[in-house]
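Read the structure below first, then the notes.
Throughout, a chain's letter reflects where its sequence line sits, starting with A, and its residues are numbered from 1.
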Number of protein chains: 2
Amino acid sequence: MQKGISKSTLSRLPVYLQYLKSLPKSSTDNISSTMLAGTFCLGEVQVRKDLASVSNAGKPKIGYNVSSLILELENFLGYNNVNDAVIIGAGRLGKALLGFNGFRQYGLNIVAAFDVDENKLGKTPEGKSIITVSEFSNICSRLKIHIGIITVPTESAQAVCNQMIENGILAIWNFAPTHLDVPPNILVHNENMALSLALLSNHLKENTK
Amino acid sequence: MQKGISKSTLSRLPVYLQYLKSLPKSSTDNISSTMLAGTFCLGEVQVRKDLASVSNAGKPKIGYNVSSLILELENFLGYNNVNDAVIIGAGRLGKALLGFNGFRQYGLNIVAAFDVDENKLGKTPEGKSIITVSEFSNICSRLKIHIGIITVPTESAQAVCNQMIENGILAIWNFAPTHLDVPPNILVHNENMALSLALLSNHLKENTK
DNA sequence: TAGATTGTTAATCGATTAACAATC
DNA sequence: TAGATTGTTAATCGATTAACAATC
């Protein structure tokens, strides 16, 4: 029952996965929840409970087989079945994301970016296209794309969001610092830089006095 | 007592602030928790409780004065007292962050970026410097910088992190997809793209079948 | 005054942690 | 067998929500 997985568990799974993948092949074959908990300063029971939602191959006294656990996590997180995505907004950030080829390892394939500015159209050094937004609808429906990435300025974010939803986008990764209004079946994940900064600055305020 | 504010409350405050700032000056002078709750699909009591941690100027029947609330939020979140920061890693992402001037409005001033690669040294179009890492220690201690941004590849992230801590950095904004080991008084905020992608892909898995 | 809205106290809900039996 | 480690059930903790008195 991989249905009702809690958001907090889901947020820790990729962290475990990253760590497991970073382990040298030559090191241990197996890893215990105690070890994992130690490296992340978490409770060991919490780790076990998290892992229980993706695997039941933990063995008492031995722990979890690292390579099977990696596979199970990748499977569960969907890193194996690649999802196509598009970007609207080919500014600095949009281009950085478009050119970054590290998303592939997380099962994300950015097909192209779109922009209204004619001057920005063309190809990135990596060979990805920046296309005029008037082609957006075409390409989106033809390729059945379900993930949209928003990297436009705040003012146009909601309009771009609506356009995405009209064209079948189901999950939105929003880098614009604003709240987006969407129907309940659409997921918006806000990459909220302001929030991140608030955490940093709050920490400093309490630790530098 | 702005001490024991919960992390979940702290994460919502910047969202309120952004929204309040986006309201046209000409619109309402006052806003109620009911309205705020409506636009963010939150409980109204939750909003009131959040706001209570930064303000006690809410008036029954009237609500909160928008402009005072903005000031109180900015104050609380530290957007007024600017914090200097440095970046290590002047790759594509590092440069995008360095060149982005929108952080200023959140009280973050990125002083410079550092890199080991001689070819990357110089100035950005915006006039910010990319400096050799051997100068890092100098500049950091001279300017008393407390925020470090990590945009190096995974392999060097821990080393860079250690170097930052040695030079007085207290809060780290980590874009490298890896866990960093730090002493308990140091804050690491992971900008975890893998986690974001996991949320998107999990949503799709459950909504496209 | 009546009604909308605040702020607070108590109840609920969900996630984390503790305790422990099962087992390799 | 003894000990380390898993998985699960019960207790605790914290955050959200409900109920309600205070007040402009």
Side-chain angles (χ1 to χ4, degrees), chain A residues 1-16 19-20 23 27-70 72-73 76 195 198-199 202, chain B residues 1-16 19-20 23 27-70 72-73 76 195 198-199 202:
Chain A
M1 65 102 92
Q2 58 172 52
K3 276 283 305 306
I5 184 171
S6 87
K7 198 165 174 178
S8 51
T9 291
L10 185 54
S11 73
R12 283 188 298 267
L13 295 179
V15 179
Y16 302 145
Y19 176 72
L20 294 173
L23 291 175
S27 69
T28 43
D29 281 354
N30 298 293
I31 194 160
S32 71
S33 56
T34 323
M35 281 193 269
L36 278 172
T39 70
F40 296 113
C41 302
L42 297 172
E44 46 172 323
V45 184
Q46 190 172 55
V47 174
R48 271 205 292 286
K49 227 170 185 176
D50 289 343
L51 294 184
S53 59
V54 300
S55 167
N56 53 357
K59 291 208 181 57
K61 168 108 183 191
I62 292 169
Y64 303 82
N65 179 273
V66 174
S67 42
S68 356
L69 193 52
I70 289 178
E72 287 167 314
L73 281 166
F76 183 87
L195 154 58
L199 292 176
N202 196 262
Chain B
M1 68 103 91
Q2 57 172 53
K3 275 284 302 307
I5 184 171
S6 88
K7 198 164 175 179
S8 50
T9 291
L10 185 54
S11 72
R12 284 187 298 267
L13 295 180
V15 179
Y16 302 146
Y19 175 73
L20 294 173
L23 293 174
S27 69
T28 43
D29 281 354
N30 298 293
I31 195 161
S32 71
S33 56
T34 323
M35 282 192 269
L36 277 171
T39 69
F40 297 113
C41 301
L42 297 172
E44 46 172 323
V45 184
Q46 190 173 54
V47 174
R48 271 207 291 286
K49 228 171 183 174
D50 288 345
L51 294 184
S53 59
V54 300
S55 166
N56 53 358
K59 290 207 183 58
K61 170 107 182 187
I62 293 168
Y64 304 82
N65 179 273
V66 174
S67 43
S68 354
L69 193 52
I70 289 178
E72 287 169 315
L73 282 166
F76 183 86
L195 154 59
L199 292 176
N202 196 262

Problem set entry | A/S55 side chain vs A/A52 backbone, donor-acceptor pair below 3.5 Å | no

Problem set entry | Nearest-angstrom distance from the residue atom CG of B/L69 to C1' of C/dT6 | 13 Å

Problem set entry | Nucleotide C/dT17, atom C1' - distance to CD of A/E44 in whole Å | 10 Å

Exercise. Tell me, for nucleotides 7-16 of chain D in 5' to 3' order, what letter each nucleotide earns: B for a base near a protein heavy atom under 4.0 Å, S for only sugar-phosphate near one, - for neither?
Worked result: BBB-----SB

Exercise. Which dot-bracket notation, 5' to 3', represents the base pairing of DNA chain C when pairs are defined as Watson-Crick or G-U with both distances under 3.5 Å, crossing pairs as [ ], and inter-strand pairs as |?
Worked result: ..||||||||||||||||||||||

For this session: Can you measure from OH (A/Y16) to OG1 (A/T9) and round to the nearest 0.5 angstrom?
Result: 7.5 Å

For this session: Mind calculating the distance between CG (B/L42) and P (D/dA18) to the nearest angstrom?
Result: 13 Å

Exercise. Can you tell me how far CG of A/L42 sits from OG of A/S33, rounded to the nearest 0.5 angstrom?
Worked result: 11.0 Å

Problem set entry | Sidechain-backbone polar pair: B/S32 side chain, B/M35 backbone, donor-acceptor under 3.5 Å | yes

Problem set entry | Nearest-0.5 Å distance that lies between atom OG in B/S68 and atom CG in B/L20 | 10.5 Å

Problem set entry | Atom pair CG (B/L10) and CZ (B/F76), whose distance is rounded to the nearest 0.5 Å | 6.5 Å

Problem set entry | Within residues 49-65 of chain A or reaching into it, pairs that qualify as salt bridge (Lys or Arg N to Asp or Glu O under 4.0 Å) - sequence neighbours excluded | A/R12-A/D50

Exercise. Roughly how far, to the nearest 0.5 Å, is the CG atom of A/N202 from the OG atom of B/S11?
Worked result: 11.5 Å

Problem set entry | Protein-nucleotide distance (B/K61, atom NZ; C/dT1, atom C1'), rounded to Å | 11 Å

